[in-house]
Trainee: 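I'd like to ask you about the structure that follows.
Proteins get letters first, then strands, A, B, ... in listed order; numbering begins at 1 in each.
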There are 2 protein chains.
Amino acid sequence: MPPQPPAPAFATDRNSGLPPVKPPPPQPTEAQLRQAIALLFFAYRDFTAGADEMLAEYGFGRAHHRVIYFVGANPGITVSELLAILKITKQSLSRVLSQLLNEGFVEQETDAKDRRRRRLTLTGKAARLERLLTGLQSRRIAAAYAAAGPDSIAGFRGILRNIINEEDRVRVADGAPVQD
Amino acid sequence: MPPQPPAPAFATDRNSGLPPVKPPPPQPTEAQLRQAIALLFFAYRDFTAGADEMLAEYGFGRAHHRVIYFVGANPGITVSELLAILKITKQSLSRVLSQLLNEGFVEQETDAKDRRRRRLTLTGKAARLERLLTGLQSRRIAAAYAAAGPDSIAGFRGILRNIINEEDRVRVADGAPVQD
DNA sequence: AAAAATACGTCAGTAATGTTGACATATATG
DNA sequence: CATATATGTCAACATTACTGACGTATTTTT
């Protein structure tokens, strides 16, 4: 590449022939970034606490919740896909999934086209539990949306979406859950 | 209380003597709230993954990270205050804190005014590790801020702040870390 | 048809992080 | 002096994660 003269750090209307531009957003300060880190920690801590209590009444933990949530949101999801979402080992998933199968919260059905795959669905009682848990967390989110105001929602979603690894952003697209 | 006639679900300019109002924001749909739940799960999963890898090289886990982070952000913090932030038992904290003390990452000093309290600070090597970890997470946040655009930041912060239990919102105030 | 890859399951061992309960010490406060 | 608070510690246990090794069924590739 031919060497380029260094661009001025800050183009002004005076030295630029281009149409006027808004000044670029200042870089976030270290303090602002630290605040964001703390926000994520506290928000996740409190976001999960209520559901954890409810799960304990069923003898379940957070790992069971994740399975119930994602099977509920993606009926017919396969084991592999669940592993890709949770990013845990199959041995770790096996423990909670076997428990949920044995206790009648999840059902398996062999896929018709590829008989190696097991399609997972929630039973009725699991769907009821899922609604309880999701309702609890939804109310917290809805209250935060209402308190912060409607203009905040797009920003909240946009930034969380960009925190997520690029390859998984499709899983939180506005459309819907991911199937396969 | 005297009985009140039921308010119309939606006051219009026609039936209201009050000044015209913007229609209230529509309630978020169930799908939108589910999306937010998934966003929090995936964002937290990816937000913590990089630091976890780095910590493993030191033989530390996420619990050590939390201690290092909050002691770094609040030098001189006491054990009680750390427990209030982390919301774990003192026995759980003891394990990781003792390890950090033994390995020379955290130092204790008896508070001069109340000699029951231990003031915690990071040593130099812990401060360096803290900067590595916080830098990693800060870069992820900063990239998400940049990608989503500056208008998103206030909404992101406002909603996370409102997800946090009311009594702990002061801990993420714009000002600074919480001392005591 | 044989070989390789994929999907799933399981056994065994280990580690990190959390819990309850009980008890001890030092210090501060009424 | 009695009581409350801040901290630490011992013991037992639960949950959730990991690595490594194998095994079986099924599909895909050669």
Trainee: Round to a whole Å and report the spacing from CG of A:Leu93 to C1' of C:dA7.
Mentor: 13 Å
Trainee: Which nucleotide in the list C:dT17, D:dT9, C:dA7 gets nearest to the side chain of A:Arg117?
Mentor: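 From the listed options, C:dA7 comes nearest.
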Trainee: Exactly one of A:Tyr69, A:Phe47, A:Phe70 should register a side chain to side chain contact (heavy atoms under 4.5 Å, CB included) with B:Phe41. Which one does?
Mentor: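 With B:Phe41 as partner, side chain to side chain contact (heavy atoms under 4.5 Å, CB included) holds for just one option, A:Phe70.
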Trainee: Calculate the interatomic distance between B:Gln108 atom CD and C:dA26 atom P; express it in whole Å.
Mentor: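 The answer, rounded to whole Å, is 15 Å.
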Trainee: Keeping the roles fixed (side chain from B:Gln137, backbone from B:Thr48), state whether a donor-acceptor pair exists under 3.5 Å.
Mentor: no
Trainee: Any side-chain N or O of B:Thr89 below 4.0 angstrom from OP1/OP2 of C:dG18?
Mentor: no
Trainee: Rounding to an integer number of Å, can you tell me how far B:Arg118 CZ sits from C:dT25 P?
Mentor: 14 Å
Trainee: Between P on C:dT17 and CZ on A:Arg45, what's the gap in Å once rounded to a whole number?
Mentor: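 Atom-to-atom, A:Arg45 to C:dT17, this comes out as 18 Å.
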Trainee: Which nucleotide, C:dA7, D:dA17, C:dC8, lies nearest any side-chain atom of A:Arg116?
Mentor: C:dA7
Trainee: Could you please name the option among D:dA17, D:dG8, C:dT17 that lies closest to any side-chain atom of A:Ala63?
Mentor: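 Among the listed nucleotides, the one closest to the side chain of A:Ala63 is D:dA17.
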Trainee: What do you reckon, is CD of A:Gln91 surrounded by more than 12 foreign heavy atoms closer than 6.0 Å?
Mentor: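 Check passes, neighbour count above 12.
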Trainee: Check for a donor-acceptor pair, side chain of A:Arg161 on one end and backbone N or O of A:Arg169 on the other, with a separation under 3.5 Å.
Mentor: yes
Trainee: Please give, in whole Å, the distance from C:dG18 P to B:Leu83 CG?
Mentor: 11 Å
Trainee: Test side chain to side chain contact (heavy atoms under 4.5 Å, CB included) on A:Thr78 and A:Asp111 and set out the steps.
Mentor: CA-CA 9 Å; A:Thr78 65; A:Asp111 181 289; 5.7 Å; no
Trainee: On a plain distance test, is the side chain of A:Arg115 in donor-acceptor contact with the base of D:dA25 below 3.5 Å?
Mentor: no
Trainee: Select from A:Ala112 and B:Arg95 the residue whose nearest nucleotide in DNA chain D is closer to the 5' end of that strand.
Mentor: B:Arg95
Trainee: Quantified as the angle between the terminal helix axes (five pairs each), what is the overall bend of the helix from C:dA1-D:dT30 to C:dG30-D:dC1 to 10 degrees?
Mentor: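 Comparing the axis at each end, I get an angle of 30°.
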Trainee: Starting at the 5' end of DNA chain C, which residue's closest nucleotide do you reach first, A:Ser98 or A:Asp114?
Mentor: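 Nearest-nucleotide comparison on DNA chain C picks A:Asp114.
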Trainee: Check this for me, if you would: do A:Arg171 and A:Glu81 make a salt bridge, where the nitrogen-to-carboxylate-oxygen distance has to be below 4.0 angstrom?
Mentor: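 Result for this pair is yes, salt bridge flagged.
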Trainee: Could you check B:Leu129, B:Val96, B:Leu55 and say which one makes a side chain to side chain contact (heavy atoms under 4.5 Å, CB included) with B:His65?
Mentor: B:Leu55
Trainee: Among the candidates C:dT27, D:dC18, C:dG18, find the nucleotide nearest to the side-chain atoms of A:Ser92.
Mentor: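 Nearest nucleotide to the side chain: D:dC18.
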Trainee: When you measure from every atom of DNA chain D, which of residues 46-60 of chain B have a heavy atom less than 4.0 Å away?
Mentor: none
Trainee: Looking across every strand, which nucleic acid part, if any, lies under 4.0 Å from B:Arg62 by heavy atom: base, sugar-phosphate, or nothing?
Mentor: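 Sugar-phosphate contact only - B:Arg62 comes under 4.0 Å of backbone atoms but never of a base.
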Trainee: Take the protein atom CG of B:Asn102 and the nucleotide atom C1' of D:dG8, then report the distance between them rounded to whole Å.
Mentor: 13 Å
Trainee: How close or far is atom C1' of D:dA6 from atom CD of B:Glu81, stated in whole angstroms?
Mentor: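 Computing the B:Glu81:CD to D:dA6:C1' distance gives 13 Å.
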Trainee: Indicate, with a heavy-atom threshold strictly under 4.0 Å, whether A:Gln99 touches base, sugar-phosphate, or nothing.
Mentor: nothing
Trainee: Look at the rings of B:Phe105 and B:Phe60 and say which category their plane angle falls in: under 30° parallel, 30 to 60° tilted, over 60° perpendicular.
Mentor: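 Perpendicular.
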Trainee: Which nucleotide sits closest to the side chain of A:Lys90: C:dT10, C:dG18, C:dT20?
Mentor: C:dT10
Trainee: Is the CD atom of A:Glu30 crowded by more than 12 outside heavy atoms at less than 6.0 Å?
Mentor: no
Trainee: Could you state the atom-to-atom distance from CG of A:Leu100 to P of D:dT15 in whole Å?
Mentor: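 In whole Å, D:dT15 P lies 13 Å from A:Leu100 CG.
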Trainee: Taking the nucleotide of DNA chain D with the nearest heavy atom to each, does A:Ile88 or B:Val79 sit closer to the 5' end?
Mentor: B:Val79
Trainee: Does B:Ile163 form a side chain to side chain contact (heavy atoms under 4.5 Å, CB included) with B:Ile159? I'd like the steps, not just the answer.
Mentor: CA-CA 6 Å; B:Ile163 289 173; B:Ile159 289 180; 4.1 Å; yes
Trainee: When you measure from the side chain of A:Gln91, which nucleotide among D:dA4, C:dG9, C:dC11 comes out closest?
Mentor: C:dC11
Trainee: Which nucleotide sits closest to the side chain of A:His64: C:dA7, C:dA28, D:dT16?
Mentor: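 Among the listed nucleotides, the one closest to the side chain of A:His64 is D:dT16.
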Trainee: Hey, are A:Asp114 and A:Arg116 close enough for a salt bridge, meaning a charged N less than 4.0 Å from a carboxylate O?
Mentor: yes
Trainee: For a quick test of reading the model: is some side-chain N or O of A:Arg66 closer than 4.0 Å to OP1 or OP2 of D:dT15?
Mentor: no
